[in-house]
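For reference, the structure is listed below as structure tokens.
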Protein chains: 2
Amino acid sequence: MSNSTPATIEDVARIANVSIATVSRAIHMPEKVANSTRLKVNQAIAITGYTTNAMARSLRLGRSNMILVVAPDIGDPNFSNILIGLENEARSHGYGILIGHTQNDAQRGLEYLKFLNSNQAAGLILFTGILPFGHQTMTARLPPSVGVFEPVFNGGIPYVGVDDIAGARKVVDLLIAEGHRKIAFIGDSRTRLAYSRRRMGYEAGMDAAEIGAGLRIVFEGDGTIESGRLAVEQLFMRDTLPSAFMCVNDQTAIGVMIGLKARGYDIPGDFSVTGFDDVPQAVFMSPSLTTIRQPRTAIGKQAMALLLELLSDGEPPETEILLLPDLVVRNSVSAPSRARR
Amino acid sequence: MSNSTPATIEDVARIANVSIATVSRAIHMPEKVANSTRLKVNQAIAITGYTTNAMARSLRLGRSNMILVVAPDIGDPNFSNILIGLENEARSHGYGILIGHTQNDAQRGLEYLKFLNSNQAAGLILFTGILPFGHQTMTARLPPSVGVFEPVFNGGIPYVGVDDIAGARKVVDLLIAEGHRKIAFIGDSRTRLAYSRRRMGYEAGMDAAEIGAGLRIVFEGDGTIESGRLAVEQLFMRDTLPSAFMCVNDQTAIGVMIGLKARGYDIPGDFSVTGFDDVPQAVFMSPSLTTIRQPRTAIGKQAMALLLELLSDGEPPETEILLLPDLVVRNSVSAPSRARR
DNA sequence: ACTCCATATGTAAAGGTTTACATAGCATGG
DNA sequence: CCATGCTATGTAAACCTTTACATATGGAGT
């Protein structure tokens with residue numbers, strides 16, 4: 001039974017007393033095979049413990065059953081949850097996932113391009129806004145691909161992300177509902193498209209509440225902790241201080257909180273602070289951070305579903321799928337302090 | 001150049017004016033080929049942009065260049081850092097990594113077993129202490145495998161982990177150096193072998209300091225936050241309270257801290273608390289947690305290196321590799337309070 | 001009874017590699 | 001000058017599938 005060398009389709013055929021073609025058909029197109037024959041084949045498969053040799057199959061078919069997932073950094077805690085969504089969806093359709101990380105290094109990217117060229121992956125999931133294949137990007141013959149989080153610069157590649165405008169709108173609406181009017185947006189319009197969209201959500205919310213430009217304060221940072229701290233420093237040099245800091249992401253919010261605490265202020269007593277992303281530590285901060293949760297597993301699932309559709313249909317059903325993220329209310333927001341109102 | 005269908009070895013052979021065998025040799029056994037010929041072949045490869053079709057190669061060779069990594073939960077933040085180590089090491093040897101997660105579900109495990117049987121992976125990395133293939137485990141024909149973190153129950157499978165005894169010893173030595181003598185160990189001897197070893201480290205440290213059994217307090221939990229909280233409740237019902245809680249892992253330590261805070265105690269003022277693992281949030285807790293850092297990336301790298309060695313040699317060079325983990329001193333430990341000394 | 005068609009199965013080629021074996025060329029040693 | 005052996009290359013088989021095409025079987029329609 002459990003021989004040294006795995007059973008092949010031929011072993012099955014011999015035992016079932018049919019040809020290998022029939023075995024193949026019994027497996028992949030059962031309706032094309034007589035009931036009685038299918039039974040014999042299934043028995044033979046059970047006896048031999050046969051499983052299709054994926055290598056041979058992929059070779060014959062000209063495509064593999066693997067999806068390559070490329071991220072700049074697989075150590076990113078964001079990544080692993082998306083991975084779950086990706087993996088579940090892939091596996092339930094008979095695909096496996098292959099992972100690679102580039103650390104934004106073109107040389108590494110190139111190695112993954114080789115992977116693709118050597119037919120090892122039928123599709124590609126990209127976590128980066130830029131094709132990571134250096135100067136060969138232009139001539140690269142890519143398999144069906146989809147982006148995660150951000151549109152992929154340069155390619156007609158569909159992507160799955162989050163509705164950043166709507167998410168930011170939820171935040172600003174909360175702050176306004178709490179009574180804030182002087183709301184600072186600590187942003188970053190350069191790095192990622194998503195960040196610009198969050199700014200748009202902020203502006204839309206302020207518009208809707210008819211809060212004039214005079215009360216809007218926008219600081220351009222770069223999405224890092226340090227830039228949050230810096231924003232506080234700069235804003236304290238002006239005369240009009242906000243009562244709330246709406247940050248483009250959680251990193252920035254952490255920086256802002258560090259800055260405010262360093263000056264001896266209480267959060268949310270003196271200032272309210274919000275983030276965006278819901279990084280894992282957001283819940284452990286003190287105060288815990290009110291933020292927007294990225295539906296990571298759902299994003300992964302959707303992205304993979306889209307890719308699989310692409311793989312079978314050829315045509316992208318839609319070029320952009322935006323999921324609506326949820327507001328997570330914690331303890332970093334309250335009504336504006338008397339002094340700041 | 002960039003034709004619709006990828007170049008094959010035959011295209012290269014035609015252009016270089018040699019046989020396909022020579023091309024293959026020029027690529028994989030360059031020393032077997034005349035210099036002049038090798039040059040011609042390399043030029044032809046450059047012209048055609050040829051890359052070896054991995055499917056065909058794996059089929060012919062009877063083994064793939066993929067390593068399957070199976071973990072109970074790839075969303076675990078521990079996981080992603082180890083993944084980096086695994087991936088780097090694998091890639092630098094021409095292997096790719098395939099990931100799967102079982103959620104401790106035998107059905108899922110079985111699907112990965114199919115993966116293996118269908119020759120899609122040359123080796124296996126296991127994050128679980130038990131072969132995740134349900135009842136088929138016994139008859140499963142596994143490729144070379146290595147475990148991560150824990151020995152794999154049941155198989156003669158080498159593994160890479162951390163020296164838990166030495167790690168625990170570092171913790172207890174620190175506590176003793178701070179002046180503690182009544183040190184409670186909040187443990188879990190059932191779930192994981194690693195946890196029993198940490199207990200051994202504790203006992204060894206107490207022995208070395210000649211602290212008698214009378215001063216040792218051991219609570220058997222199950223490694224969860226809740227069990228840490230429970231330990232506090234139980235211990236407060238006894239008459240001899242410890243001055244320090246040495247926890248078998250960070251989860252337990254979190255629970256202990258919750259329990260102590262609920263009773264209004266200050267950490268480390270009233271009681272010292274230590275963990276083990278250095279989970280990402282350990283640094284964000286208040287007070288930040290003194291604990292043992294798992295060298296995750298290094299573990300991943302070592303595990304993959306061991307597997308690759310297995311793959312080429314056939315013989316495991318050693319059956320257990322233990323890395324020495326570092327103590328991370330933060331703010332949850334101080335000298336014992338007067339009252340508890 | 002004969003033709004035709006549908007259904008079920010078989011035969012063989014093709015997919016791209018690697019490699020055992022065969023061959024050719026050439027130098028070395030007698 | 002021939003036998004021998006070494007080096008470089010070529011030929012063809014094998015790895016395991018899938019599937020176009022061919023064939024066989026049986027039933028329906030005339």
May I ask you to check whether A:Gln120 and B:Asn65 show a side-chain donor-acceptor distance below 3.5 Å? yes

Distance only, no hydrogens: is a donor on one side chain within 3.5 Å (strictly under) of an acceptor on the other, for A:Asn88 and B:His101? yes

Nearest whole Å is fine: how far is [N] [atom2] from [X] [atom1]?
X        : N      : atom1 : atom2 : result
B:Gln120 : D:dC16 : CD    : C1'   : 13 Å
A:Ile27  : D:dT17 : CD1   : C1'   : 10 Å
B:His28  : C:dT19 : NE2   : P     : 8 Å
B:Met55  : C:dG15 : CE    : C1'   : 12 Å
B:Asn65  : C:dT17 : CG    : P     : 14 Å
B:Lys40  : D:dG10 : NZ    : C1'   : 13 Å
A:Asn119 : C:dG15 : CG    : P     : 13 Å
A:Ile9   : D:dC15 : CD1   : P     : 14 Å

Kindly say whether [Y] contributes a backbone atom to a donor-acceptor pair with the side chain of [X] at under 3.5 angstrom?
X        : Y        : result
B:Thr52  : B:Ala54  : no
B:Ser118 : B:Phe115 : yes
A:Ser145 : A:Pro143 : yes

Go nucleotide by nucleotide along DNA chain C from the 5' end; which of B:Arg25 and A:Lys32 gets its closest nucleotide reached first? A:Lys32

What is the nucleic acid contact for [X], judged by heavy atoms within less than 4.0 Å: base, sugar-phosphate only, or nothing?
X       : value
B:Ser58 : nothing
B:Leu61 : sugar-phosphate
B:Ala21 : base
A:Ser24 : base

Under 4.0 Å between a side-chain N or O of [X] and OP1 or OP2 of [N]?
X       : N      : value
B:Arg57 : C:dT18 : yes
B:Thr22 : D:dG10 : yes
B:Thr37 : D:dT9  : yes

Are A:Phe79 and A:Phe127 near enough that their ring centres are under 6.0 Å apart? yes

Rounding to 10°, can you tell me the angle the first-five-pair axis of the helix from C:dA1-D:dT30 to C:dG30-D:dC1 makes with its last-five-pair axis? 50°

A:Glu320, CD: over 12 other non-hydrogen atoms inside 6.0 angstrom: yes

Result for 5'-nearest mapping on DNA chain D, choosing between B:Ser36 and A:Asn53, is B:Ser36

